[in-house]
Enquirer: 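Please find one structure pasted underneath; my questions will follow.
We name chains A, B, ... by the order of the sequence lines, and we start the count at 1 in each one.
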2 protein chains.
Amino acid sequence: MARKENIQNIARRKEQIIKAAITAFARTGLKGTSMNDIVRESGLSKGAIYWYYKSKDELISDLLKEFFDPEEIKKVGEVLVTGTALERLEKFIGYTIEEMNKMQRFRPVLQELFVIASRDQKIRKMAKRDFRVGVALLQSVIEYGVKSKEFRKVDPNMVAIAIFEIIEGTALFWSLDLMDVDFEKQMREGINLILDGIKVEK
Amino acid sequence: MARKENIQNIARRKEQIIKAAITAFARTGLKGTSMNDIVRESGLSKGAIYWYYKSKDELISDLLKEFFDPEEIKKVGEVLVTGTALERLEKFIGYTIEEMNKMQRFRPVLQELFVIASRDQKIRKMAKRDFRVGVALLQSVIEYGVKSKEFRKVDPNMVAIAIFEIIEGTALFWSLDLMDVDFEKQMREGINLILDGIKVEK
DNA sequence: ATTCATAGACCGACCGGTCGGTTTATAACG
DNA sequence: CGTTATAAACCGACCGGTCGGTCTATGAAT
């Protein structure tokens with residue numbers, strides 16, 4: 001027999017290509033980036049890229065998994081099972097801010113994926129699943145707070161979505177450099193505004 | 001004498017082209033829509049469109065003014081000078097919801113403009129000016145509420161931005177069909193959550 | 001141990017087609 | 001007739017994708 005297929009190497013190469021693609025996409029947008037741009041950015045040849053991905057669409061499909069990965073947020077959920085509701089929320093917010101900072105450069109790509117999602121049912125479904133996992137996570141923390149009498153009786157789903165709106169809204173305004181204030185501060189204070197309204201006075 | 005330049009007619013034609021462009025862009029995106037698509041949608045010829053706009057970029061530039069028009073929001077400001085702070089806010093929210101419903105079909109175009117704005121300084125400046133006018137408006141209402149003792153002492157700028165985040169966040173989730181609840185209800189309740197926290201108890 | 005055969009990994013010139021934009025022809029109207 | 005307005009044919013640049021070919025790791029045969 002001849003040379004064996006090196007699965008580990010395939011994964012490494014695909015990662016190399018995806019990373020180059022995200023960088024290029026962040027710079028010039030999904031449609032504005034040609035395969036030749038990705039070729040240049042990756043340091044590989046066009047033939048190599050088409051060896052691993054049979055089309056630009058397939059490449060983008062793979063890239064989507066990096067952005068809409070419910071598994072990752074589920075892992076966060078596992079950590080949110082100790083402490084008061086407020087402490088759990090603080091942990092969640094801390095994680096979110098950390099993640100946002102890490103992804104800042106690629107935020108325009110995510111925003112563009114939202115646009116595509118509004119036209120493409122398949123992508124919209126991925127975004128929806130991701131959204132639902134996140135909301136469910138926050139919702140469970142709010143529910144816990146209501147049960148432990150930290151929060152007054154509220155609709156946990158609605159509150160969870162509202163907090164998510166603050167998070168996504170802050171990220172949007174931040175990526176457009178609309179606010180003069182610090183992104184982390186604005187996000188924390190925005191969420192606290194909501195929490196102030198549902199906290200039970202001592 | 002030459003035929004008189006019919007300014008009214010030019011404006012009508014331009015509007016016809018812009019309207020067709022927005023419709024086409026909403027369907028297939030800015031880059032994904034060719035000039036020929038716009039030609040088809042408008043019912044005019046390519047020559048006609050290039051008679052009124054000398055490039056696709058110039059067309060998009062004109063289109064931007066429809067989406068980032070500070071004058072329009074300023075008009076709303078003029079109406080928000082009577083009643084209690086809460087009544088003024090209610091007026092503002094009502095106007096926002098009405099506007100969102102009207103623009104629903106074109107929301108993906110706006111979202112796409114945000115993406116472009118994150119890469120294009122000129123467009124970002126337009127978005128920023130629009131944002132600032134809106135925030136200033138909301139902020140003045142909050143300030144009024146603080147002065148009239150309806151609201152407790154809060155940072156009006158921060159609260160205004162938070163409300164805007166709820167608005168934009170709801171619009172985003174709505175356009176992606178992420179929420180199962182009604183968009184208007186979610187938006188109102190999200191904002192009320194914030195207001196509950198800053199209202200002075202009677 | 002050396003040679004050979006095979007298939008995975010990779011390269012870059014090239015192709016058909018589409019794009020934004022231009023030019024040319026013609027109609028409408030003063 | 002000259003000007004304004006519109007339509008249609010056309011252009012070069014560029015795009016996604018292909019394809020013939022090269023290189024290299026590895027098992028089989030000698």
Enquirer: Considering heavy-atom distances to DNA chain D, does B/W51 or A/Y50 have its closest nucleotide positioned more toward the 5' end?
Expert: B/W51
Enquirer: Would you check if A/L110 and A/F106 make a side-chain contact, meaning some heavy-atom pair closer than 4.5 Å?
Expert: no
Enquirer: What integer distance in Å separates A/D37:CG from D/dG16:C1'?
Expert: 12 Å
Enquirer: Could you walk me through whether A/M100 and A/I167 pass side chain to side chain contact (heavy atoms under 4.5 Å, CB included), step by step?
Expert: CA-CA 10 Å; A/M100 291 253 173; A/I167 290 172; 3.4 Å; yes
Enquirer: Please report, rounded to the nearest Å, how far the P atom of C/dC10 is from the OH atom of A/Y53.
Expert: 13 Å
Enquirer: In whole angstroms, how far is the C1' atom of C/dC15 from the CE atom of A/M35?
Expert: 16 Å
Enquirer: Quick one: are A/R40 and A/N36 in side-chain contact, heavy atoms under 4.5 Å?
Expert: yes
Enquirer: Does B/R13 put a side-chain nitrogen or oxygen below 4.0 Å from OP1 or OP2 of D/dT6?
Expert: yes
Enquirer: I need the CD1-P distance between A/I38 and D/dG17, as an integer number of Å.
Expert: 10 Å
Enquirer: Could you state the atom-to-atom distance from CD of B/Q16 to P of D/dA5 in whole Å?
Expert: 14 Å
Enquirer: What is the distance from CG of B/L44 to P of D/dA8, rounded to the nearest Å?
Expert: 12 Å
Enquirer: Provide, to the nearest angstrom, the distance between the CD atom belonging to A/E58 and the P atom belonging to D/dG17.
Expert: 10 Å
Enquirer: Could you tell me how far apart B/K56 (NZ) and C/dG21 (C1') are, to the nearest whole angstrom?
Expert: 12 Å
Enquirer: Report which part of the nucleic acid A/K46 touches: base, sugar-phosphate, or nothing (heavy-atom distance under 4.0 Å, all strands).
Expert: base
Enquirer: Tell me whether the OP1 or OP2 atom of C/dC11 has a side-chain N or O from A/S45 closer than 4.0 Å.
Expert: yes
Enquirer: Mind checking if B/Y52 touches a base, just sugar-phosphate, or nothing, with heavy atoms under 4.0 Å?
Expert: sugar-phosphate
Enquirer: Salt bridge or not between A/R188 and A/E184? Use side-chain N to carboxylate O under 4.0 Å.
Expert: yes
Enquirer: Should the heavy atoms of other residues, nucleotides or ligands under 6.0 Å from CD of B/E99 be counted, would the total exceed 12?
Expert: yes
Enquirer: For A/S34 and for A/G47, locate the closest nucleotide of DNA chain D by heavy-atom distance; then report the residue assigned to the nucleotide nearer the 5' terminus.
Expert: A/S34
